[in-house]
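Here is how names work: the chains are called A, B, and so on, in the same order as the sequence lines, proteins then strands, and each is numbered from 1.
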2 protein chains.
Amino acid sequence: MTESSRQSDPVEGGRPLRRDAALNRERILHAAREVFGQQGLGVTLDGVARHAGVGVGTVYRRFPTKEALIQALFAQDLRIRQEAADRALAHPDPWQGLVDFLMEMAADLAENRGLYEVLMLGAHTSAPIDSARDGMLPLLQALIRRARESGDLRPEVTPADIPVIQHMVYAAAQFTHGQQPDTWRRYLEILLNGLRRRPDDPPLETPSLSDEMVEQAMGISRAE
Amino acid sequence: MTESSRQSDPVEGGRPLRRDAALNRERILHAAREVFGQQGLGVTLDGVARHAGVGVGTVYRRFPTKEALIQALFAQDLRIRQEAADRALAHPDPWQGLVDFLMEMAADLAENRGLYEVLMLGAHTSAPIDSARDGMLPLLQALIRRARESGDLRPEVTPADIPVIQHMVYAAAQFTHGQQPDTWRRYLEILLNGLRRRPDDPPLETPSLSDEMVEQAMGISRAE
DNA sequence: AGTAAGTGGAGAAGATATCTCCAGTTAATG
DNA sequence: CATTAACTGGAGATATCTTCTCCACTTACT
């Protein structure tokens with residue numbers, strides 16, 4: 001699952017790593033994925049090193065800063081998220097496409113705290129991560145438009161609602177995770193129920209944020 | 001608003017405070033309420049002191065630990081929450097009572113981060129705060145039962161859903177707060193829409209946590 | 001066997017946070 | 001007023017964490 005095109009990873013520009021060094025690099029990435037996923041990006045590199053069974057020095061030689069490690073880990077995940085949006089957009093039933101996308105995304109975030117912090121809080125951002133994230137906005141817009149036009153989605157729903165919903169489901173997941181890891185689905189179900197258009201329902205009273213405001217909100221969380 | 005029965009507060013057991021000391025005590029409590037409300041309980045007592053315009057020493061003399069200060073501040077708030085539940089229970093329309101309660105509670109949490117951390121994360125708990133919080137569970141149960149029996153609430157909803165919903169709305173509030181402080185209402189509206197019983201809707205697929213699990217989940221968040 | 005590459009982990013350096021201490025100030029009392 | 005017990009501010013002692021460096025020692029490769 002986490003083993004992909006890593007074997008021959010050339011590592012930036014340098015010469016190929018010695019065999020033991022390459023192995024340790026893998027160990028570090030693997031440990032980081034695990035630890036960041038479970039405990040978030042707050043974990044220190046000493047913590048990652050301990051979990052990987054190597055010395056801190058080794059971690060710092062391979063990844064000069066925490067950011068470098070995070071970037072190496074999550075750039076790929078974000079690309080995968082984008083593919084999920086593409087797939088959702090290709091779904092024959094617009095509503096079901098939206099539902100699938102939200103479920104898939106929430107599932108990823110719920111079980112990967114680090115990914116949540118990178119994607120939703122903009123923690124430890126870097127250019128490649130930022131751009132991957134920004135590339136997702138137009139896809140969201142298309143996804144919403146399609147579902148709205150098909151008549152299944154409340155017409156007041158905007159793309160700006162999606163990140164908020166993800167935050168909410170993540171909060172539910174965090175709270176319930178220790179007990180029943182899948183309970184967040186219940187709350188996404190409830191939200192989806194509330195988002196579904198019903199002919200005789202009154203419209204929502206409170207307007208959503210504008211798209212610019214969402215960007216700002218993400219920027220603000222980032223600062224914290 | 002924050003000025004209540006404070007003037008003659010006898011302070012634990014000791015002799016009455018000198019006038020300047022009493023004034024400073026008020027200043028500290030007032031500043032703490034403001035700072036904890038806006039920035040959460042993470043603020044240091046040095047920070048509270050600065051905001052209150054007194055020296056750290058003064059804060060520490062009056063409140064030997066951070067816990068003592070927090071306890072003095074929030075015990076009252078929790079009592080107020082309980083009254084809100086009582087009021088909701090007395091509402092002639094069970095569904096509307098539930099809606100009012102959730103709105104009121106969410107409003108308080110949304111604009112008081114410290115209260116959220118004490119009530120929902122169990123941060124810096126102490127006996128009186130714990131017991132005030134525990135006293136609310138039976139009220140929630142009654143509230144849910146009533147709304148369910150009236151036929152407006154989905155029958156699968158349990159008291160254990162309430163804290164999760166509060167976490168979700170709080171997450172929405174945190175995200176949107178900097179832009180439009182009231183936008184969380186939109187998401188509570190959506191949730192309530194999803195919680196409302198509709199004759200032809202399929203039941204929720206994912207079960208809720210049991211009450212014991214909720215307590216444990218709160219305990220776990222507490223540890224963190 | 002020689003050597004360049006790699007290793008671990010003690011500890012330097014820098015942030016914060018909590019809490020103490022005391023020389024100096026101020027309110028209350030006769 | 002003068003006396004004094006209460007109170008004050010804030011520098012700094014102590015402790016805890018993180019990040020990151022350095023180097024004596026080990027290991028893979030030729």
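- Distance, R25(A) CZ to dA28(D) P: 19 Å, rounded to whole Å.
- Listed for the Q179(B) side chain is no donor-acceptor partner under 3.5 Å among the backbone atoms of L209(A).
- With rounding to whole Å, F63(B) atom CZ is found 17 Å from dT18(C) atom C1'.
- A heavy-atom distance below 4.5 Å is not found between the side chains of T183(A) and F175(A).
- The two residues T206(A) and E189(B) have their closest heavy-atom pair at OG1-OE2, 2.9 Å.
- Within residues 40-48 of chain A, no residue has a heavy atom under 4.0 Å from DNA chain C.
- Here D182(B) pairs with R185(B) under the salt bridge (charged side-chain N to carboxylate O under 4.0 Å, His left out) rule; sequence neighbours left out.
- One atom, CG of L69(B), and another, P of dC19(C), lie 12 Å apart when rounded to the nearest Å.
- Residues R186(B) and E156(A) are not paired through a salt bridge, judged by the lack of any N-O separation under 4.0 Å between the basic side chain and the carboxylate.
- Phosphate contact (OP1/OP2 of dT8(D), side-chain N/O of N24(B), threshold under 4.0 Å): present.
- For residues 34-59 of chain A, every residue pair satisfying the side-chain hydrogen bond (donor to acceptor under 3.5 Å, both in side chains) rule, not counting sequence neighbours, is listed here: E34(A)-H51(A).
- Applying the ring-ring contact (aromatic ring centres under 6.0 Å, His included) rule to Y116(B) yields the partners H167(B), Y170(B); only residues at least two apart in sequence or on another chain are considered.
- Atom CG in L23(A) sits roughly 14 Å away from atom P in dT27(D) (whole-Å rounding).
- One can place NE2 of H124(B) at 12 Å from C1' of dA17(C), the figure rounded to the nearest angstrom.
- One atom, NZ of K66(B), and another, P of dT16(C), lie 15 Å apart when rounded to the nearest Å.
- The side chain to side chain contact (heavy atoms under 4.5 Å, CB included) search around L41(B) returns F36(B), I70(B), F74(B), E117(B), V118(B), A123(B), H124(B), not counting sequence neighbours.
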One character per nucleotide, please: for nucleotides 20-30 of chain C, 5' to 3', B when the base has a protein heavy atom closer than 4.0 Å, S when only the sugar-phosphate does, - otherwise. B-----BSS--
